[in-house]
Amino acid sequence: MTGQARAGRPNKLLRNLNAKIASIPMILTALVIFVGGTLWTVFYSFTNSKLLPRLSFVGFDQYERLWAAPRWVTAIENLAVYGILSLIFSLVIGFMLAALMDQKIRFENTFRTIFLYPFALSFIVTGLVWQWVLNPDFGIQAVVRSMGWTSFTFNPLYTPEIVIYGILIAALWQGTGLVMCLMLAGLRGIDEDIWKAARVDGIPMWRTYLFIVIPMMRPVFITTIVIIASGIVKVYDLVVAQTSGGPGISSEVPAKYVYDYMFQAQNLGQGFAASTMMLVTVAIIIVPWAYLEFGGGRKRG
Amino acid sequence: MADVGTLNTTSAGIDAVAPKLGEGPSGPRPRPAVSARNIMLYGTLTIAALYYLLPLYVMVVTSLKGMPEIRLGNIFSPPMEITFEPWVKAWAQACTGLNCDGLSRGFWNSVRITVPSVIISIAIASVNGYALANWRFRGSELFFSILIVGAFIPYQVMIYPIVIILREIGIYGTLTGLIVVHSIFGMPILTLLFRNYFVSLPEELFKAARVDGAGFWQIFLRIMLPMSLPIFVVAMILQVTGIWNDFLFGVVFTRPDTYPMTVQLNNIVNSVQGVKEYNVNMAATILTGLVPLIVYFVSGRLFVRGIAAGAVKG
Amino acid sequence: MNMNASVSIKDLSLNFGAVSVLKDLNLDINDGEFLVLLGSSGCGKSTLLNCIAGLLDASEGQIFIKGKNVTWEEPKDRGIGMVFQSYALYPQMTVEKNLSFGLRVAKVPQAEIDKRVARASEILQIQPLLKRKPAELSGGQRQRVAIGRALVRDVDVFLFDEPLSNLDAKLRSELRVEIKRLHQSLKNTMIYVTHDQIEALTLADRIAIMKSGIIQQLDDPTTIYNRPRNLFVAGFIGSPSMNFLHGELVKSGEGIAFLANGVIFSLADYDAGETLQPGRKVVLGVRPEHIKVNENTGGEEHDATVDIEEPMGADNLLWLKHAGHTMSVRVNGARRFNVGAKVKLSFDMTVASVFDAESELRL
Amino acid sequence: MNMNASVSIKDLSLNFGAVSVLKDLNLDINDGEFLVLLGSSGCGKSTLLNCIAGLLDASEGQIFIKGKNVTWEEPKDRGIGMVFQSYALYPQMTVEKNLSFGLRVAKVPQAEIDKRVARASEILQIQPLLKRKPAELSGGQRQRVAIGRALVRDVDVFLFDEPLSNLDAKLRSELRVEIKRLHQSLKNTMIYVTHDQIEALTLADRIAIMKSGIIQQLDDPTTIYNRPRNLFVAGFIGSPSMNFLHGELVKSGEGIAFLANGVIFSLADYDAGETLQPGRKVVLGVRPEHIKVNENTGGEEHDATVDIEEPMGADNLLWLKHAGHTMSVRVNGARRFNVGAKVKLSFDMTVASVFDAESELRL
Amino acid sequence: TDLEVTHWWTSGGESAAVAELAKAFDATGNHWVDGAIAGSGGTARPIMISRITGGDPMGATQFNHGRQAEELVQAGLMRDLTDVATAEKWKDIIRPSSLLDSCTIDGKIYCAPVNIHSWQWLWLSNAAFKKAGVEVPKNWDEFVAAAPALEKAGIIPLAVGGQPWQATGAFDVLMVAVAGKDTFNKVFKDKDAEVAAGPEIAKVFKAADDARRMAKGSNVQDWNQATNLVITGKAGGQIMGDWAQGEFALAGQKAGTDYTCLPGLGVNEIISTGGDAFYFPLLKDEEKSKAQAVLAKTLLDPKTQVAFNLKKGSLPVRGDVDLAAANDCMKKGLDILAKGNVIQGTDQLLSADSQKQKEDLFSEFFANPSMTPEDAQKRFAGIIASAD
Ligand SMILES: Nc1ncnc2c1ncn2[C@@H]1O[C@H](COP(=O)(O)OP(=O)(O)OP(=O)(O)O)[C@@H](O)[C@H]1O
Ligand SMILES: Nc1ncnc2c1ncn2[C@@H]1O[C@H](COP(=O)(O)OP(=O)(O)OP(=O)(O)O)[C@@H](O)[C@H]1O
Ligand SMILES: [Mg+2]
Ligand SMILES: [Mg+2]
């Protein structure tokens with residue numbers, strides 16, 4: 001009897017067939033574009049392909065050249081400085097704005113719209129606007145000087161040592177609104193009773209935020225950090241629009257190096273090697289996180 | 001019952017002898033309208049708001065000035081004489097090479113690119129998110145993890161392989177190709193949003209629908225979709241702004257007669273004819289950002305709600 | 001104002017915008033008393049408790065704690081400790097840190113902190129948990145820690161907001177006993193919000209039953225149970241609810257009687273006095289355990305049919321059809337009946353209640 | 001396999017990855033039977049129910065409904081209806097649409113749909129709600145609609161997953177009665193998951209008590225309550241729990257007796273036969289209502305002290321100290337004791353249980 | 001037939017010049033679809049290349065002739081123009097012949113050169129020097145000497161835009177001027193790293209160091225904005241190719257009176273003969289292929305050459321055209337060309353990859369005063385050593 005009953009067991013592959021069919025675009029994207037494209041890139045980074053991909057292997061030559069190139073090193077340094085600072089500042093500013101917005105204030109909608117609107121603008125637009133505002137001959141420096149402080153100097157975009165901060169200002173302007181939104185959503189999700197308990201315990205507001213609320217918002221922070229970090233690694237348009245990597249090479253970033261060498265220098269091999277290095281960096285940051293969040297047997301919710 | 005007197009007097013309307021209030025504070029704590037706290041609070045917010053508004057102000061003001069006035073130098077001073085000529089020029093006259101029809105052409109191209117791309121990428125991602133949340137199959141989480149890691153890959157890395165793939169399929173340079181590209185790169189973050197949102201919906205709803213006999217598509221279309229407005233708004237906003245603002249794909253995967261507005265903007269801003277016409281550039285910049293800005297202003301409130309529903313839970 | 005009272009509330013009103021949640025409320029709570037605020041969801045219990053704690057500002061009125069007007073004081077200065085339904089533990093701190101955080105912020109000397117934490121964790125038997133984080137605790141353990149957090153504050157008044165609602169039935173009854181024991185040993189004032197009448201009946205020295213922001217009755221549990229002041233209280237307390245029969249008073253033989261659907265119940269044993277006049281429309285309330293089935297207690301007997309039987313282990317709950325009403329009757333768990341069986345009921349009128357149909361007050 | 005069974009489960013196992021949730025489970029449910037799956041949180045009740053419904057795929061084993069192997073059928077083809085704890089109503093549809101959704105999906109003719117919806121809404125008395133959306137309904141009304149949705153499917157087997165857990169106590173007992181009535185009138189098979197023992201005892205024809213994916217006892221409520229098969233079942237059922245005394249069997253006078261902490265309980269009235277041998281380590285279980293206080297029932301009397309008193313209206317729960325144990329005893333609500341009072345206990349051994357200390361099985 | 005032509009000529013003078021090409025092509029009954037991509041070759045080339053490799057080629061596209069399109073030709077993506085060239089006798093008319101050589105791969109001709117651009121010019125603002133109260137310099141050394149006076153008058157001595165190719169170009173110009181033609185060829189043609197590390201080049205770096213000092217304060221990106229600084233007298237001079245002339249012309253300035261041009265920086269009158277050329281991707285469409293041939297022919301038509309180059313400020317690729325309308329500077333250029341004092345442009349000598357590395361080096365050098373000429377030279381020699 002059991003034998004006859006077991007005969008009814010359908011093919012495993014056909015179960016959830018619709019779901020599988022519907023997921024084909026995702027599977028294809030994941031496998032062909034992301035995995036395939038990545039492997040392809042890594043593979044060709046060991047060749048000396050120029051304008052067109054060519055199968056002439058040169059071992060690690062491209063990598064040696066990459067790490068010997070001052071521009072790449074500068075780009076990596078810039079990315080580190082920009083990345084760390086923009087992570088810190090956007091979290092701090094975003095959180096502080098969210099905390100202020102969470103005080104049952106009037107005009108909340110107005111303030112929120114003001115903080116969020118730059119996010120609607122492209123990096124190209126952001127870069128142009130800030131290039132303009134920071135321009136020493138027209139922008140803030142000129143205006144302050146014309147008001148009498150003639151020795152006032154604020155010229156980040158043409159000062160190699162601080163140009164990256166000029167880019168940071170624009171990036172924060174564009175991105176903190178979203179961070180604030182995420183944080184606000186997180187704050188609104190905190191159990192009201194926690195606040196009450198802290199008040200009964202006589203814990204001052206700032207300590208409640210610092211020691212109780214922020215640790216409780218860990219998931220929100222993780223989501224936010226992931227979103228910011230993925231943007232940081234990709235930063236390109238903003239630099240191109242604001243400084244084109246200048247003055248000199250002082251605001252170069254890795255993504256721009258990749259692009260320039262792949263397309264302008266017509267040295268695909270070098271570009272691929274640089275992208276591979278970026279991928280490796282990303283992987284080191286992301287894979288452990290992705291594993292914790294989505295692998296590791298953690299299920300719904 | 002000794003304390004019958006202290007019993008709440010209004011309870012049933014008997015003996016309404018209101019006890020006298022004691023000395024001292026009574027009623028709500030006094031809260032002055034102008035307290036130190038409020039000054040700090042609104043002061044900080046206002047200063048922050050000024051920082052965020054400043055560039056917009058500069059853009060608008062500059063775009064309304066004539067070039068002579070701009071040369072005088074103060075970018076913050078309001079225009080002495082308002083002129084809309086820069087706007088007209090940016091929209092209809094600015095030149096790139098031989099084409100002197102300003103942004104107007106790019107605008108319609110952007111519309112033609114954005115509308116189908118947004119619809120298709122959201123359609124694909126929402127189905128993905130739904131399948132991942134409710135119909136997990138062997139390997140689905142793996143594909144999803146790949147997708148998420150893919151969100152971090154710099155676009156430049158992927159351009160070359162994608163050019164090759166699109167060439168092989170034969171849709172390189174077509175609108176279809178661009179839509180495919182936008183759908184691909186929109187997929188990771190949108191899928192994440194939709195997945196998290198659908199996961200946060202009660203699973204029992206899905207089970208009930210299955211018991212009721214609804215299949216994959218019926219559940220999606222008739223049960224899940226009607227409940228997903230907030231997350232669709234978020235996805236829509238993200239995609240509209242993302243695709244509208246895209247420059248790289250627009251320039252790599254289209255041809256000049258279908259260039260989107262951002263490429264046109266870049267062309268106008270970078271095609272310097274003698275001196276930079278900052279007023280025209282600013283007007284062009286505002287015009288380019290107008291569509292996503294309007295989308296934000298109109299649906300900002302839903303955006304925050306949707307973010308709370310889709311992004312923060314993880 | 002009762003100068004003896006530990007907590008005293010005077011003419012307290014509270015509105016959220018246009019919605020009035022508490023209305024001219026007066027309440028004196030004695031020193032060392034265990035007062036339970038009981039009422040259904042949304043009646044304003046938590047709101048009242050938050051007012052006492054200082055977490056909400058009163059719209060009108062005053063609050064005194066230990067004779068001191070604290071209406072405008074900060075929560076921490078009121079000498080209260082509070083326990084929440086959701087525990088509200090600080091999730092990233094160990095139990096020990098959770099207990100001591102408020103003290104450290106208040107700059108209490110470390111030795112004193114240690115002493116108090118040790119004492120609280122001993123009382124609540126959570127010493128083995130001190131190094132764990134809340135996520136590693138079960139619900140009951142969490143709630144113990146939450147109580148501990150109030151305990152270390154060494155205060156006169158404890159406020160509990162449905163502390164047991166998130167626990168399952170078994171844990172709930174265990175912790176109920178512990179809280180009772182805690183009160184017996186600490187002897188401080190406790191104000192306890194719940195919508196679970198078993199908790200209210202078992203824990204309270206006095207129960208304040210609330211409805212829409214108004215206290216309906218404030219009495220000790222026995223009085224509340226046996227002599228409910230009005231129909232609402234009578235129906236609210238007791239599970240299953242008191243059986244209500246709508247009818248009128250009539251004269252019968254030696255005295256007054258109750259007539260409903262043509263059936264007469266003698267009220268000779270009911271102790272009420274002059275208020276029972278024939279012709280008055282009234283509601284008769286009899287608790288399920290005050291009806292006997294097939295046992296002659298000497299009074300009248302009424303015919304009924306078993307509709308549903310609900311065996312609950314120790315008890316057996318019968319739903320009977322009697323003269324057009326459905327009645328619930330509680331019998332011993334060992335006695336079983338078949339659905340549809342004909343039975344005889346006899347009512348114990350000495351512990352019944354009669355309410356005026358109009359004013360809904362007990363007569 | 002019982003060919004008569006309405007639902008029959010054969011050797012069912014289910015793993016989530018490495019975690020085994022159900023282990024070789026066998027269960028036959030008779031036609032028209034009301035079976036309750038009872039167990040604490042996480043024991044696998046919902047998982048089993050979902051397997052029966054086809055919402056989870058079994059790792060091993062088979063499921064038969066009405067004699068047909070449905071192990072690989074889609075939920076809709078199994079002839080089941082299901083009601084969920086969270087109601088799971090489609091929020092954007094009216095009640096009417098909610099009820100008819102499944103029928104519309106199955107392309108049932110409109111006339112038939114109308115008929116079935118009318119019938120279900122009449123049975124559940126939700127006709128006035130048909131045009132409303134779920135958000136406009138109270139919890140009880142929502143759950144009624146959810147039951148209605150199962151009802152219109154016209155199926156043989158109803159599955160309930162803790163349908164009443166989200167309701168407050170009062171509504172819960174009301175709906176419990178309604179479900180019981182529904183079963184009495186429809187007479188179809190019902191499988192009902194709960195962790196509330198009152199629901200289990202009152203509703204079930206048979207109760208299956210589960211622990212970690214294994215059925216511990218499958219019996220009618222009376223047997224489960226009075227003759228629990230093992231210590232777990234004994235402790236799980238009954239509120240407050242059965243009192244357990246750890247000790248050993250000794251010879252005493254005319255027969256066997258139980259000795260714990262130097263106190264002897266005669267087991268002369270206990271009905272067990274040969275299995276009671278002197279020297280065996282056992283656990284004696286006595287339910288709180290089977291201990292009498294200050295009432296001589298003719299047997300031995302034991303001294304005890306009142307530790308805590310919990311008046312619960314109809315009953316009064318006493319926690320007593322007796323020979324080093326704490327015992328709970330249930331007495332009539334009208335009898336009150338002072339804390340610290342000395343009392344005499346007498347145990348009703350005819351309804352007590354003796355368990356082997358090692359195997360934990362009832363002797 | 002419609003033919004899409006992509007190019008990066010978007011500045012004022014450039015687009016005026018392109019308009020001439022379009023006009024001439026439209027006159028043949030075809031239609032020039034303009035595909036201008038702003039932002040210099042660096043932005044535009046990748047787009048062109050991805051379109052060609054992506055299988056969506058345009059009808060024709062601008063490249064700097066030289067090695068930029070080499071691989072595309074090798075991959076068979078480009079159309080062979082030999083038939084057109086033979087019919088039109090390009091071999092005979094194009095001068096210097098090195099231009100056509102750059103278009104020739106394996107004996108086949110793949111591009112149509114349209115102009116000669118020379119880099120070796122110093123443009124000076126007469127007004128600026130007047131204001132500073134010094135003579136308009138006649139060569140580089142005088143210019144360097146005049147710098148302090150200019151600075152005192154609040155004028156930037158040398159305008160250099162931020163785009164990397166400007167700094168590189170300026171260095172190459174300095175090299176020809178300071179070290180001479182032979183050294184230039186040894187370094188870039190023969191890739192002789194030893195020479196690159198030698199004393200001759202050290203002198204060039206010395207000069208570049210001067211240039212760097214003089215360039216401080218030019219906060220502009222685009223070359224034409226830098227030119228504009230000269231036009232408006234805010235800067236003293238600019239090292240820039242002859243295309244700068246177009247901007248002066250557009251601003252209505254006259255060579256000699258308003259501005260001064262010094263070919264070869266007034267030191268070594270040599271010009272390089274780089275330039276622009278049009279390449280024609282292989283198309284499937286017969287009609288379009290025909291139109292390509294027509295366009296190729298039109299580009300080299302004498303009338304088109306004159307009209308285009310006058311607007312563009314560059315020199316025509318054929319020696320047989322009449323340039324009576326040419327201005328002072330252009331005539332100077334034509335003279336040098338006639339004398340044969342020419343070198344090949346670096347675009348023709350170096351791969352794009354080496355060019356890019358050079359750009360990285362010099363844009364860093366010009367922006368970063370703390371980088372010593374010695375260090376820079378060391379790196380320069382390294383690039384030459386690995387160049388191909
Ligand atoms: N912040 C608020 N704004 C407006 N209305 C409120 C607010 N807080 C509570 N209310 C309303 O006040 C009433 C009383 O709420 P409260 O929380 O005191 O009820 P409760 O008796 O504690 O109920 P529960 O048993 O559900 O906790 C409710 O009707 C509620 O809707
Ligand atoms: N999708 C899943 N993946 C892994 N483990 C699961 C999953 N669903 C349930 N479990 C585990 O299976 C066990 C049984 O779960 P189930 O939901 O059946 O319990 P339950 O008896 O219904 O509990 P409750 O009374 O809380 O509803 C639990 O230990 C749970 O952690
Ligand atoms: Mg409450
Ligand atoms: Mg469950």
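This one's a predicted model, so the numbers in the text were calculated from it and none came from an experiment. Any value given below was found using the heavy atoms of this structure, including those in side chains, with hydrogens, waters and symmetry copies removed. Just so we're on the same page: letters track the sequence lines, and every chain starts at 1.
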* **Any donor-acceptor N/O pair, C:Q85 side chain to A:D193 backbone, under 3.5 Å** => no

* Structure fact -> Nearest heavy-atom approach of C:Q92 to A:I212 is NE2-CA, 3.5 Å

* Measure distances from C:L89 to the heavy atoms of chain A and classify the residue's part below 4.5 Å as side chain, backbone, both or neither. => backbone

* Evaluate the side-chain proximity of A:I203 to C:Y90: yes if any heavy-atom separation is below 4.5 Å, no if none is. => yes

* Heavy-atom neighbours of A:F89 CZ exceed 12 at 6.0 Å -> no

* To do: For C:M93 and A:F211, work out which heavy atoms get closest and say how close.
  => CE-O, 3.8 Å

* Asked: Is the number of heavy atoms from other residues, nucleotides or ligands under 6.0 Å of A:R188 CZ greater than 12?
  -> yes

* **Nearest atoms (heavy-atom pairs only) where A:M216 meets C:P91** => CG-CG, 3.1 Å

* Which pair of non-hydrogen atoms, one from A:G202 and one from C:V105, has the smallest distance, and what is that distance? -> O-CG1, 3.6 Å

* Worked verdict on A:V200 versus C:K76 for side chain to side chain contact (heavy atoms under 4.5 Å, CB included) -> CA-CA 5 Å; A:V200 171; C:K76 66 174 158 73; over 6 Å; no

* Structure fact -> Given C:R78, C:M82, C:R149, the one with more heavy-atom pairs under 4.5 angstrom with chain A than any other is C:R149

* Asked: Counting only heavy atoms not in A:Y165, do more than 12 sit closer than 6.0 Å to its OH atom?
  -> no

* Structure fact -> CG (C:N50) and NZ (A:K196) are apart, to the nearest 0.5 Å, by 3.5 Å

* To do: Might you work through the side-chain hydrogen bond (donor to acceptor under 3.5 Å, both in side chains) test for A:D191 and C:Y87, ending with a clear yes or no?
  => CA-CA 10 Å; A:D191 183 1; C:Y87 322 131; over 6 Å; no

* Asked: How far apart are the C-alpha atoms of C:F84 and A:I194, what are their side-chain angles, what is the distance that settles it, and do they pass the side chain to side chain contact (heavy atoms under 4.5 Å, CB included) test?
  -> CA-CA 9 Å; C:F84 299 89; A:I194 289 279; over 6 Å; no

* Within 6.0 Å of CD in A:Q103, more than 12 heavy atoms from elsewhere -> yes

